[in-house]
*Asks:* 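Okay, handing you the structure first.
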Amino acid sequence: MISYMINHIPVLIVIVPLCGAVLCPAISHFSPSAGKRTVIGALLAAFCMSIIQLASVIKAGEAFHYWLGGWQPPYGIEFVIDGVNGIIIVLVSFIGFMTALFSSPFEEADKEAPFRSAGYYSILCFLVIGLLGLSSTGDAFNLYVFMEIVALSGYGLIAIGEKKGPIAAFRYLLTGTIGASAYLLGVGLLYSATGTLNMADLAIRLREVDNMPVIVMAMACLIVGFGIKMALFPLHGWQPAAHSYAHPAADPMIAGVMIKIPAYAMFRFFFCIFDSSLPMMKTIFTIIGIMAVLGILFGSLKALRYDKFNKILAYSSIGQVGYIALGFSIGNFYGIAGAVLHILSHAFMKTGLFYTSAAFKYRYGIHYTDQLGQVYRKMPVTCGALVVLSLSMTGLPPFAGFFSKWYLALGAIQNGQYLYVAVLIISSLLSAIYFFRIFERLFMGEKTVTEPESDAHEGTAPGLEVPLRMLIPIGFAALMVIALGLGNSFIVNGILKTTVMGVL
Amino acid sequence: MIDIIETFLAEKGIYMMTFVLMGLGILGMISCGNYMKKIMCMNIMQVSIIFFFLALGQKEQGTLPVFVENLLGADAYINPLPHALMLTAIVVSLGTTGVALALLMKIKGIYGTIEEEEITGEGWRK
Amino acid sequence: MSVIILEGAFLLLLIIIAIVIIFGKDLLALTIIYCAFSFSAMMLYILTGAADVAFTEAVIGVISTVYFIIAIKSINRRCK
Amino acid sequence: MTIISIRPFLAVAVSLLAALLILTLGNKVKPNVREGITLSAAVIKAALVFSMVPAVLSGSEYYFCLWEIVDGIEFAFRTDAAGMIFACVASGLWIVTSIYSIGYMRGHHEKNQTGYFAAFAVCLSSAIGISFAANLVTFFIFYEMLTVATYPLVAHYRDDKAKASGRKYLAYTLISGQLFFAAIVAVYAIYGTCDFKAGGFIEPGSVSMGIMLLLFFLMIGGGAVKAGVMPLHGWLPSAMVAPTPVSALLHAVAVVKAGAFCVLRVVCYVFGPSAVSWCGADRILAWFAVTTILLSSFIAMRKDNLKARLAFSTIGQLSYIVLGISVLAPYSIAGAMFHIVAHAFLKITLFMCAGAIFVTTHLSEISTMGGLAKRMPVTCACFGLASLGIAGLPLLAGFVSKFNIIRGALLMGKPLFAAVLVAAALLAISYLIPVVRIFFGKADEAGDCECTASGHAADVCGGHGDATPAMLIPIVITAAVSLILGIMPDAGLHLYDLAVMAADAITGGGAIV
Amino acid sequence: MEKKKIIGAAVIILAAVAAVIWAPDILPAVGDAESPVNSYLSTYYIENSLEDTGAHNMVTAVLADYRGFDTLFETCVMFLAGITALMVLSSTAKVDKSQREIQEPYKASFSGTVLDTAFRVVVPIIVIYAFYVFAHGETSLGGGFQAGALLAIAYMIDRIIPNFNNSLGNMTEEAAAMTAGVGVFIYILTGLLPMFNGGNFLQYEKLPFGAEHAAELHSTGIIMIEIGVVVCVMATIINILEVVLERTEFDD
């Protein structure tokens, strides 16, 4: 039975959490915390399956195709799992599981509103499902549906956040719908030129299409669609408010992973479908490059102005997404490897930072960095993780941020784009400024933290600073950043080389 | 005269109007002050894209894509694929409208108004 | 009068309704006009031969119009 | 031939482990457990490093590759002669500094000592990592770790002055670090390798003159900031705000020496003498060094604060090393390397004396230290000895290295640099000997320690006696070692032979005449 | 805000105009049969959708069978919309109408005899029509979504018109969300069943019920997912309706 289930893993990774999410409201009607446990269990199962899947993809060496409904690809929908999205699926399911674990203290199943935590967990699980589907599907329209699921669960999680949550969610809803419709228009144009929706089939038939204008228009729509979903520079209007007012426990997932997977989808479209010999690909990549460069500088500069912890992290996300877009616009092997590695490392970095911000909010209700004075005495582990993650964000060596910057810089220099290297350096210096400012306030500020009089959070074990269910994800995030840093050549050579080389 | 208009519409007219409708939808979403009108314009934009797909799938003498015994051959029927896709898109647009209205009521509850100036005017950006 | 010209007419109707919605002032009136918009979109789909989609659009047009009207109950009708 | 063994990595890992232990145990444990960990780590590390010296002396090298850190480059350690010198100095002096800082911290009732000792341990591990790094990427990883680990030490007192100096330190080091990073990427992209090779892996004509100069000065920028070459030295005097053991570490053992070592690696192991002289970069570097030597000596004369004066003397002394390297003669390179050793022992003695004086008598301005010798004879004697060594008097370590650099400069036909070195020796005398004269001069009324007035417990500041033994012993040891090294440079660990061996490897055996 | 709006408007109009002038000559003329859209996949769907799936209505065949995975996640979008609306408004207090009905027998001004009789006549027709649409999903127009929406409309009429002692049964928003969840779960079950029988996810010919040729299994599969879709769409629309209705003040 088990060995039989192995070759069904690509779809089971999406379907098992889907059952969990769908039944969570119903189960929680009977016993309040049962719904929560099913979701966490389902995500754990998905994580283990994704590791098995990644291992078998590396062993097999070539991509897996899973035909949904048994239909042959151009007629039915198929899942394509190769090296790149294998590792991204592991990332998404791992962070999804950790965020679900992390948010259990936030969503205690209180008696009078049992539905509240069940609803939260169901939406969070849908967000993870949408991201898993987004990164494993091989069909253009199916990608739109998964994008819509990610968007809707994003609106939900942002709306149940802080006081300004609904406003941020509403603005995100409007921009998100424009993005999704732009993507749909792009797919429509490609469909009008080729007649198929399957990505592999699309790539083959696009070779023979000679009328260039439709492809250019489709690319423009795709860039706008992905740009809005990724919060790339000119299209990032919704992102700062959405990330700083979202639900504190779901924020790591939203900020860490939700804006990264459309970047992977952009890679899938611009490298696997459009062949790079097209004349206008150069101009398309330079456009993405310019957007990325402006985004990096804008994000880093804007982050200097704010001292609300989440706002700084939100603006630095705009910069870091710019890194990923920069990697893709560089286009050679090192550029793409750097971009994918940055997707992984920045996901852990940003998720970890938002974990620490949520932990500060949970224990002391801290929103602003100048309330952080001497907190490290009471919360040593969280602040230790904060230090590790911030150093990695500024791109200092032993951590993962440095190595993805290394590949990006190497790709840029091999391409002769010295402006990109300069931008990488300037942005890491700018991010050093605002992260070391946080260190100054944290370690050297005077004591501004008042111990909460009644320990309102009885969930905290006596010895621990924050409930164990929150400490584990924080610890894992910091450890993964170090592990990714030191083990990055395994990822680049072992997993990415075969896939990316096949594409270039 | 009629067939001149017909051929113009066939090649250029229908797509022109679809894109103008989409432009109007997005324009409405940006420039309308009232959040309710923004939702309506969002729906207008989604309808225009749905129509764009359906216009692609049209056939001159094709009948409805329901199988009839004596009619054989592919060009007798209209292309069913865009219809299936657009069913999904319409249901998604209903879902989005439902969530948007729930948000609208929540914003009304918090701010007491759904005019953008009154809400963003009080510096909610901080 | 071939199908294409009817389609063009309905599309023009849609554009006019869109302009009215953008510059309209009274929300309740706009909701009714929005229902008309949904109806003419349905007619358009029938003309392009998409009966299933037209059926769904009709039903969903009715439902979203009802939602809008309920929402207006708690929002004042006038708007800038 | 190369011996594959894990010892170089163990040497680096020991103090990282110690840092982790200190951080986890932290203040849940009595202070001397924490000091115990630091001391034992220091001793183990020194033992590991010294155990590798005989093999390196006999010409073989230890090589250990952990894994492939970046696509194509390994995270590898190689113990060549130059690396061995810096490692011996760093690990040897760590034992001395940790004993001294235990005494200092106790005497001065410092708070948050866990952070201090942990950061200290990480600094030392990155110093050893820098010395044993086999390629530019590993070197850069430990170089930036050193920057980050030194920041909490510089900003130890956590008041506004400390924050400002910390910010300044970060600004200088991070900016130059990022430029260094860009240069490393460029070198790897152009040459496909970044492993250190004695004599440099960049051929003179491979790239146009402009690009070669650009790459050279981007890389040198990284080293020059830490080595305090004049335009980039701003952070060093302001880092005086840190407690004295930290200044001892900063100015004598780890940070500045890492900067000098980085200049050495870049000039001799990346670009190589032939490439550097082809693009004329060595003359530019030499002139920078000369201006630094002269300017810093003049500034040092006017500084009344003892630690500030020593800081500027360090800036001057380090530019000796930079000058020695940029002369590119085998003798001058050997002299420069040996000056790393000499200056380390001499400067650390001076700083420890300054620290002892500060703890015992709370005096920091030289003018108020009249007649101190009567109260603290041993400290002042060692201070005198070390300052003579700094001035380059024969029979002391400073003379050996200076003599070699001058001999190299003359051989290379650059008499002007030799003249500068001699002038610098005189200047050194002019700003250090007055201090000694004040010590042994007459005691003006402010000489006695006001600590009795401010109610210090008598035993803590030794009343009218010398500093506590925990501080005195290290001072005497380092003064003695600098004396021994002066007489027989090859005593103990044959550091001088190592220097000559490295210099010959760099300049391809024959002395470039 | 003013400047931003005008710039935005200008950009959009320019884009629309550019697309309008530029686009037409690159898109296939409306209605011609040789365009790639009408020639590549659609011929396969038209020719063998009857033997493959046994459904006369090709759109339902494509929707439920060829691209059944899309429809699964479309129903998930509906379920998610319901849950999100519920979660967003769960913190605003409901308007309690209980005490108003007790004091004086509530007589809604607009509910005259005309509306009541219309309500009694229309609702049964809608419900019957909905079941017809559901049952005929394959052979003629119709399908899960339309049937579910029609049932929801019936519930809506029943919920709004009579004076609040609605007769057709009263569904709280939580109950609606749960039934929507169960509906989607039915859909997933039909997808999982073939997996135990050697097929891929949603491969209807591997459904474990006995049948001599595959087309019959396919139509049973389509019917089962139609049930799931109907339940989910109906429950979600009712859920959003309840959420919004409970929190509006009907003071007339």
Side-chain angles (χ1 to χ4, degrees), chain A residues 4-5 8 11-12 15 18-19 21-26 29 66-71 74-77 113-116 119-120 122-123 126 129-130 133 137 139 141-142 145-146 148-149 152-153 155-157 159-160 165-166 169 189 191-197 205 209 211-214 217, chain E residues 19 22-23 25-28 35-42 44-45 52 65-74 76-77 79-81 83-88 90-91 173-175 177-185 187-189 191-192 194-196 198-206:
Chain A
Y4 165 73
M5 271 301 171
H8 284 293
V11 89
L12 281 178
I15 292 305
L18 185 63
C19 302
V22 156
L23 294 178
C24 174
H29 182 67
Y66 185 85
W67 294 354
L68 283 157
W71 299 107
Y75 308 113
I77 298 168
F115 210 80
R116 194 163 162 63
Y120 167 80
S122 170
I123 296 176
F126 265 111
I129 293 160
T137 180
D139 182 277
F141 188 77
N142 202 353
V145 177
F146 279 122
E148 209 50 48
I149 287 185
L152 260 168
S153 45
Y155 310 147
L157 289 172
I160 48 181
L189 289 168
Y191 177 61
S192 75
T194 56
T196 118
L197 284 170
R205 289 176 65 83
V209 169
N211 100 38
M212 276 309 142
V214 94
M217 237 175 110
Chain E
W22 193 33
D25 52 19
I26 55 163
L27 290 171
S35 77
V37 170
N38 296 338
S39 57
Y40 182 45
L41 281 188
S42 70
Y44 174 84
Y45 285 133
D52 281 358
D65 201 337
Y66 289 113
R67 299 185 69 87
F69 197 63
D70 263 356
T71 322
L72 165 64
F73 281 98
E74 184 198 317
C76 291
V77 164
F79 169 70
L80 191 56
I83 287 281
T84 317
L86 184 67
M87 283 303 293
V88 161
S90 67
S91 54
E173 51 207 33
E174 283 84 5
M178 287 178 217
T179 33
V182 168
V184 183
F185 191 65
Y187 196 120
I188 299 169
L189 269 186
L192 286 174
M195 289 174 84
F196 301 116
N200 278 353
F201 187 72
L202 286 176
Q203 190 163 2
Y204 298 134
E205 64 253 24
K206 289 289 192 304

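Just so you know, these numbers use all the heavy atoms, side chains as well, and skip hydrogens, waters and symmetry mates.
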*Asks:* With sequence neighbours excluded, what pairs up with E/D65 under the salt bridge (charged side-chain N to carboxylate O under 4.0 Å, His left out) test?
*Replies:*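 Expected list: none.
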
*Asks:* Quick one: does E/M87's side chain get under 4.5 Å of A/Y120's, heavy atoms only?
*Replies:*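 Yes, close enough: below the 4.5 Å cut-off.
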
*Asks:* Please flag which part of E/Y204 lies under 4.5 Å from any non-hydrogen atom of chain A: side chain, backbone, both or neither.
*Replies:*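 No part of E/Y204 comes within 4.5 Å of chain A.
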
*Asks:* Looking at E/D52, E/L80, E/V88, E/L189, which one has more heavy-atom pairs under 4.5 Å with chain A than the rest?
*Replies:*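 Highest number of heavy-atom pairs under 4.5 Å: E/L80.
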
*Asks:* Indicate yes or no: at least one non-hydrogen side-chain atom of E/F69 is less than 4.5 angstrom from one of A/T137.
*Replies:*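 No, side chains not in contact.
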
*Asks:* Checking heavy atoms, do the side chain of E/L192, its backbone, both or neither come under 4.5 Å from chain A?
*Replies:*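 The side chain, not the backbone.
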
*Asks:* Over all heavy atoms of both residues, which pair between A/D139 and A/G76 is shortest? Give the atoms and the distance, please.
*Replies:*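 Shortest heavy-atom separation between A/D139 and A/G76 comes out as OD2-O, 4.5 Å.
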
*Asks:* Quick one: what part of E/F79 sits under 4.5 Å from any heavy atom of chain A, side chain, backbone, both or neither?
*Replies:*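 Only the side chain of E/F79 comes within 4.5 Å of chain A.
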
*Asks:* Checking A/T194 against chain E: side chain, backbone, both or neither under 4.5 Å from a heavy atom?
*Replies:*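 When you check distances to chain E, only backbone atoms of A/T194 fall under 4.5 Å.
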
*Asks:* What part of E/I188 gets within 4.5 angstrom of chain A, counting heavy atoms only: side chain, backbone, both, or neither?
*Replies:*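 Only the side chain of E/I188 comes within 4.5 Å of chain A.
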
*Asks:* Counting only heavy atoms closer than 4.5 Å, note whether A/P74 contacts chain E via side chain, backbone, both or neither.
*Replies:*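 Looking at A/P74, backbone and side chain both touch chain E.
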
*Asks:* Does any backbone or side-chain atom of A/L152 lie under 4.5 Å from a heavy atom of chain E? Answer side chain, backbone, both or neither.
*Replies:*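 When you check distances to chain E, atoms from both the backbone and side chain of A/L152 fall under 4.5 Å.
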
*Asks:* Hey, what do you get for CD1 (A/I123) to OG1 (E/T84), rounding to the nearest 0.5 Å?
*Replies:*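 The CD1 atom of A/I123 sits 4.5 Å away from the OG1 atom of E/T84.
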
*Asks:* What part of A/I77 lies closer than 4.5 angstrom to a heavy atom of chain E: side chain, backbone, both or neither?
*Replies:*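 Both the backbone and the side chain of A/I77 come within 4.5 Å of chain E.
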
*Asks:* With a 4.5 angstrom heavy-atom cut-off, is it the side chain or the backbone of A/F146 that approaches chain E, or both, or neither?
*Replies:*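 Side chain only.
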
*Asks:* Could you tell me which of A/G156, A/S153, A/C24, A/G70 has the largest number of non-hydrogen atom pairs under 4.5 Å with chain E?
*Replies:*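 Heavy-atom pairs under 4.5 Å are most numerous for A/G70.
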
*Asks:* Without swapping roles, check the side chain of A/Y66 against the backbone of E/N200 for a donor-acceptor pair under 3.5 Å.
*Replies:*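 Pair absent, no side-chain N/O of A/Y66 close to backbone of E/N200.
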
*Asks:* Go through the atoms of A/W71 and report whether side chain, backbone, both or neither lie under 4.5 Å from a heavy atom of chain E.
*Replies:*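 When you check distances to chain E, only side chain atoms of A/W71 fall under 4.5 Å.
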
*Asks:* Tell me, do E/V184 and E/C76 make a side-chain contact under 4.5 Å, heavy atoms counted?
*Replies:*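 They are in contact (side-chain heavy atoms under 4.5 Å apart), so the answer is yes.
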
*Asks:* Could you tell me if A/R205 sits above the aromatic ring of E/Y40, with its cationic atom closer than 6.0 Å to the ring centre and no more than 45 degrees from the axis?
*Replies:*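 Yes; both conditions hold, so A/R205 lies above the ring face of E/Y40.
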
*Asks:* Heavy-atom distance under 4.5 Å to chain E: side chain of A/A21, backbone, both or neither?
*Replies:*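 Backbone only.
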
*Asks:* With chain E, which of A/L68, A/L12, A/L197, A/V145 has the greatest number of heavy-atom pairs at distances under 4.5 Å?
*Replies:*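 Answer, by heavy-atom pair count under 4.5 Å with chain E: A/L68.
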
*Asks:* Under 4.5 Å heavy-atom distance to chain A, tell me which part of E/E174 shows up: side chain, backbone, both or neither.
*Replies:*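 Backbone plus side chain of E/E174, per the 4.5 Å heavy-atom cut-off to chain A.
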
*Asks:* If I measure from the heavy atoms of chain E, does A/I160 come under 4.5 Å with its side chain, its backbone, both, or neither?
*Replies:*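 For A/I160, the contact with chain E is made by the side chain alone.
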
*Asks:* Should A/F126 and A/I129 count as side-chain neighbours, where that means a heavy-atom distance under 4.5 Å?
*Replies:*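 Contact flag for A/F126/A/I129 side chains = yes.
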
*Asks:* What residues, two or more places apart in sequence or in another chain, satisfy ring-ring contact (aromatic ring centres under 6.0 Å, His included) together with A/Y75?
*Replies:*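 Scan of A/Y75 (ring-ring contact (aromatic ring centres under 6.0 Å, His included), adjacent residues dropped) gives E/Y44.
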
